[in-house]
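Only one structure is covered here, and it is reproduced in the block below.
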Protein chains: 2
Amino acid sequence: MNSDTRWLNEHEQEIWRGLRELIWGFESALDRQLIRDSELSGVEYSVLAALSEAEGGTMRARDIAHTLDWERSRLSHLLKRMAARGLVDRNECPDDARGFNISMTAAGQAAIEQAAPGHVSFVRENVFDPLTPAEQDALLAATTKIQHALREAGWWERGKVD
Amino acid sequence: MNSDTRWLNEHEQEIWRGLRELIWGFESALDRQLIRDSELSGVEYSVLAALSEAEGGTMRARDIAHTLDWERSRLSHLLKRMAARGLVDRNECPDDARGFNISMTAAGQAAIEQAAPGHVSFVRENVFDPLTPAEQDALLAATTKIQHALREAGWWERGKVD
DNA sequence: TAAAACTTGTTGACACGTCAATGATGACCA
DNA sequence: TGGTCATCATTGACGTGTCAACAAGTTTTA
């Protein structure tokens, strides 16, 4: 933070630029692919994927938020739109009067089943096919270590950091 | 796309999850750091960083959009907000009546100078410090190849992919 | 048990992104 | 010259994310 900042040298700038561009570009490319090949956005896909792994295609909103590591309000806004589009249903939770059970509708099920193959192919073709197995493992090592550093420093969780 | 989809095995899912979580989490962590330690968002920082490398701290909007690989409308919306906050000025371009010259104000200059050390430290501490030089190079190789695959397949550019 | 504290989910204000439409100007070429 | 086409920037509609405030229910605890 002070004047003894360790600035990046040329090579480090190149590495950083590569990472930053990928972080920026991959997510939007993934979103474009989903929106073109299905009727789902990336976030809608995430929610339906979580539901499809739950028994009966049903989860409490709280648990979806926890699984995806999302803020509750973010999920709430999205679920309202998804319910309006007929992708999910919301029912009161019998155990806990505060809660809601979110379940996939038949339309939601159909949407994710239609979207999944293209989504997987996208990942296959753009992450795994271009890399050797050794490179794939190196990528995992790097992403794991970076994520670990961010967690250690408290930057991973949204909300207050200090 | 067909029924012969090559699904991901366990290990591949682990690699993919690591990448996806990093892509999701890194950007928001970076944004949080900037917003906490300065008065700038990540996108505002990008614009000011581009301007600070131009002569006189001035660039045409078109060139900023090209440098950052952004849509013009995205830049236009942001510049309107930044101008309202006093971070940039917009002046008509003498050569081309369609264009605008965007320049950093003194406040914009002060904001990025104040934000830069913390930003660099964040990258240093969360990307370079956790990785060995060999791992850094492996990361660059992986991001480069993935980006290349996305470009080849036409997924990199926003807009129609046909 | 009553008060305090926490959990769950919604809402509203606002920042930010994409897309499509618009208007104005510049470039090209027949 | 005049018409066509491309370029530059803006705008509005809307999807999406964060944050803070809120209402209502549940848990803790004194």
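Numbers restart at 1 for each chain; the letters A, B, ... are given by sequence-line order, proteins then strands. Quick note: numbers below take in every heavy atom, side chains included, and nothing from hydrogens, waters or symmetry partners.
- We find the CD-CG distance between Glu113(A) and Leu48(A) to be 10.5 Å, quoted to the nearest 0.5 Å.
- Computed from coordinates, the Ile102(B) CD1 to dT10(D) C1' distance equals 12 Å when rounded to whole Å.
- Checked against salt bridge (charged side-chain N to carboxylate O under 4.0 Å, His left out), Arg17(B) has no partners two or more places apart in sequence or in another chain.
- Closest contact between the side chain of Ala61(A) and the listed nucleotides dT18(D), dG26(C), dG9(C) involves dG9(C).
- Side-chain atoms of Arg98(B) and base atoms of dT7(D) include a donor and an acceptor less than 3.5 Å apart.
- As a whole-Å value, the separation of Asp96(B) CG from dT7(D) P is 12 Å.
- Atom CZ of Arg32(B) and atom C1' of dC16(C) are 16 Å apart (whole Å).
- Counting only heavy atoms from C-beta on, Ser41(B) has its side chain closest to dC16(C) among dC19(C), dC16(C), dT7(D).
- Proximity of residues 45-60 of chain A to DNA chain D (heavy atom under 4.0 angstrom from any strand atom) is not detected for any residue.
- Note on Arg72(A): a base of the nucleic acid sits closer than 4.0 angstrom, heavy atoms only.
- The interatomic distance linking Glu92(B) (CD) with dG26(C) (P) rounds to 11 Å, in whole Å.
- In this entry the distance linking CG of Asp69(A) with P of dT18(D) reads 10 Å, nearest Å.
- Between Trp24(B) and Trp156(A), the ring planes are perpendicular. Angles over 60° get that label, and only those under 30° would be called parallel.
- The pair Arg20(B)-Glu27(A) fails the salt-bridge criterion, with no side-chain N (NZ, NE, NH1 or NH2) lying under 4.0 Å from an Asp/Glu carboxylate O.
- Residue Lys80(A) has a polar side-chain atom (N or O) positioned under 4.0 Å from OP1 or OP2 of dT11(C).
- Side-chain proximity of Ser76(A) to the nucleotides dT8(C), dG26(C), dT11(C) is greatest for dT11(C).
- Contact check of residues 81-90 of chain B against DNA chain C (heavy atom, cut-off under 4.0 Å) returns Arg81(B).
- When rounded to the nearest whole Å, the span between CG of Asn91(A) and C1' of dG9(C) equals 15 Å.
- Around the NE2 atom of His66(A), the shell of radius 6.0 Å holds no more than 12 heavy atoms that belong to other residues, nucleotides or ligands.
- At whole-Å resolution of the value, CG in Asp95(B) and P in dA9(D) are 11 Å apart.
- With sequence neighbours excluded, the residues forming a side chain to side chain contact (heavy atoms under 4.5 Å, CB included) with Glu152(B) are His148(B), listed by chain and number.
- Where Leu78(A) and Leu75(B) meet DNA chain D, the nucleotide closest to each residue was compared, and Leu75(B) sits on the side nearer the 5' end.
- Look at CG on Leu79(B): it is 13 Å from C1' on dC8(D), rounded to the nearest Å.
- Looking at residues two or more places apart in sequence or on another chain, you find a side chain to side chain contact (heavy atoms under 4.5 Å, CB included) between Ala116(B) and Trp7(A), Tyr45(B).
- Closest to the Arg74(B) side chain, of the nucleotides dG17(C), dG9(C), dT18(D), is dG17(C).
- With respect to Arg36(B) and Asp31(B), no salt bridge is recorded, no charged nitrogen being found less than 4.0 Å from a carboxylate O.
- Residues His77(A) and Phe100(A) both approach DNA chain C. Their nearest nucleotides, taken by heavy-atom distance, put Phe100(A) toward the 5′ side.
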Exercise for the section: Test side-chain contact (heavy atoms from CB on, under 4.5 Å) on Asp129(B) and Arg6(A) and set out the steps. Expected result: CA-CA 11 Å; Asp129(B) 287 350; Arg6(A) 294 173 297 148; 3.0 Å; yes
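- In the set dG9(C), dA9(D), dA20(D), the nucleotide with an atom closest to the side chain of Ser73(A) is dA20(D).
- For residues 75-93 of chain B, the salt bridge (Lys or Arg N to Asp or Glu O under 4.0 Å) pairs, not counting sequence neighbours, are Glu44(B)-Arg85(B).
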